[in-house]
Number of protein chains: 2
Amino acid sequence: MSTIPEAQTEAVIKEKAKSLFFQKGFLNATTQEIADEAGVNRALIHYYFRSRDQLMDTLLEEAVNEKRERARAVLSSALPFREKISLFIDIVVEYGLKYPYLENFIITETARNPEKVKVLCQSKIKSSDLIRKDLEEEIAKGRLLPITAEHFVINLISLCNYPLLAKTVLQNMHGMSDTAYRKFLQDRKEIIYHAIFHEPLPRIARKEEHPHPKHAK
Amino acid sequence: MSTIPEAQTEAVIKEKAKSLFFQKGFLNATTQEIADEAGVNRALIHYYFRSRDQLMDTLLEEAVNEKRERARAVLSSALPFREKISLFIDIVVEYGLKYPYLENFIITETARNPEKVKVLCQSKIKSSDLIRKDLEEEIAKGRLLPITAEHFVINLISLCNYPLLAKTVLQNMHGMSDTAYRKFLQDRKEIIYHAIFHEPLPRIARKEEHPHPKHAK
DNA sequence: GTCTATAAACAGATAGAC
DNA sequence: GTCTATCTGTTTATAGAC
């Protein structure tokens, strides 16, 4: 279409489809809706991505890899354990604020087609492996009650991700506007740290205070 | 169909559709698949339920009400607070074992059609209201770190439900068979209590030890 | 109440013109 | 690269015979 600079069609489709799926929550958006959003003809989606499924796979893989890379960087850093976890929570919640429906999409797609999970979890460096050593040390020092690394990580991720997945239910149940809901998710950063460590989140050593919510590279 | 006793067609459709949706995880089962499962003609689904949507609404409402009723009974009982919570975890996890895809279904449907949530959450007695008094008492006595009733309940439900929603991802990531996954969910009962109260789950005062996993009325 | 046959709507994908 | 037109398959829903 003439309003689009040119030759960026593929990128535009990806960007707009990503927004439709992960930000606006149109998890079942049709190729027509994607095309409309991108301001291009429907056939172009097939020209560039062959099928709707391949487009989705591409988007999902990219988004998951980006998020995982960020989490991995923190967990494998040299920071003290509790700072790692605090930053991990920050990253996961901020990512959830930016792409509120990404987790929803993953859950929906893997439930519909369990084979797809293998693409997403390949070359897997499990978070639990990255913190196992730290965790065992903390437990040995008596700073944490005994727990396996797997359950620790699953607890952490559950506390971060469930409120995203249940967004509609929670918003309705507690009568939250969209902005109130965003605030609620922000507040949960401290709540989650608190639930994990049973002590307040230290006010020091926060990487940044997010003066602007911009977070994606 | 002649193999079915008779006049129970409506009940059979409901039962089989429930199994398809909530137990087997065919969240997008077509009317044809439902009819096949029930061993009836596809047109009968429309005869009894008018449309696929109405069938789904009926199923969802019944399942949610049943689960909520059970949870409510425990939380509004006269039991000590920690026993209530322990039983609550038990109910939610056991319900998850029985209907592994119910929560998935709720999340998917409310994301697709946010209006539907109003049907599910009507006449709402919030769990957080039922335990608020208990919780404040516990906090006043110094037996629990300060937390709002809302966040407390959301933490609790997150820890119970997320592993259900992420079943496919978790199974793949940790190489769990179906039976290993069931065991994993069972184990989480103690993990969750532990995460909430930071003390081991007492071995006494458990309602039953589930000699048979049968749990629905 | 239960079936067959069919309508009606839709979505994904492709061929072929420009 | 981008468009229009069309094909194919799928699914819900209903009309009407039995």
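The sequence lines fix the lettering, A, B, ..., with proteins before strands; numbering per chain opens at 1. Model, not experiment: these values are computed from the prediction.
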Original post:
Rounded to the Å, how far apart are A:I45 CD1 and C:dA11 P?
Top reply: 13 Å

Original post:
How close or far is atom C1' of C:dG12 from atom CE of A:M56, stated in whole angstroms?
Top reply: 13 Å

Subject >> Integer-rounded Å distance: D:dT12 P and B:I34 CD1 >> reply: 8 Å

**OP:** Taking all non-hydrogen atoms of both residues into account, name the closest pair between A:P163 and A:R188 and its distance.
**Re:** CG-NE, 3.4 Å

Subject >> Nearest-Å distance for atom pair CD/P, residues A:Q32 and D:dT6 >> reply: 17 Å

So which protein nitrogen or oxygen atoms get under 3.5 Å of nucleotides 13-15 of chain C's nitrogens or oxygens?
unit_1 : atom_1 : unit_2 : atom_2 : d
C:dA13 : OP2    : A:H46  : NE2    : 3.1
C:dA13 : OP2    : A:R52  : N      : 2.8
C:dA13 : N6     : A:R42  : NH2    : 2.7

Original post:
Charged N to carboxylate O under 4.0 angstrom, A:K126 versus A:E150?
Top reply: no

Original post:
Counting only heavy atoms not in A:F26, do more than 12 fall under 6.0 Å of its CZ?
Top reply: no

Subject >> Closest-nucleotide 5' rank along DNA chain C - winner of A:N28 and B:N41 >> reply: B:N41

Original post:
Charged N to carboxylate O under 4.0 angstrom, A:E103 versus A:K67?
Top reply: yes

**OP:** Using a strict 4.0 Å threshold on nitrogen-to-oxygen distance, state whether A:K24 and A:E37 make a salt bridge.
**Re:** yes

**OP:** Please say whether more than 12 non-hydrogen atoms of neighbouring residues, nucleotides or ligands are located less than 6.0 Å from NZ in B:K116.
**Re:** yes

Subject >> Exercise: do A:D36 and A:Q32 side chains pair donor with acceptor under 3.5 Å >> reply: yes

Give each protein N/O atom lying under 3.5 Å from an N/O atom of nucleotides 16-18 of chain C, with the pair distance.
none

Original post:
Rounded to the Å, how far apart are B:E10 CD and C:dG1 C1'?
Top reply: 12 Å

Original post:
Which class fits the ring pair A:F184 and B:H151: parallel under 30°, tilted 30 to 60°, perpendicular over 60°?
Top reply: parallel

**OP:** Measure the distance from CG on B:L55 to C1' on D:dA13 and round it to the nearest whole Å.
**Re:** 14 Å

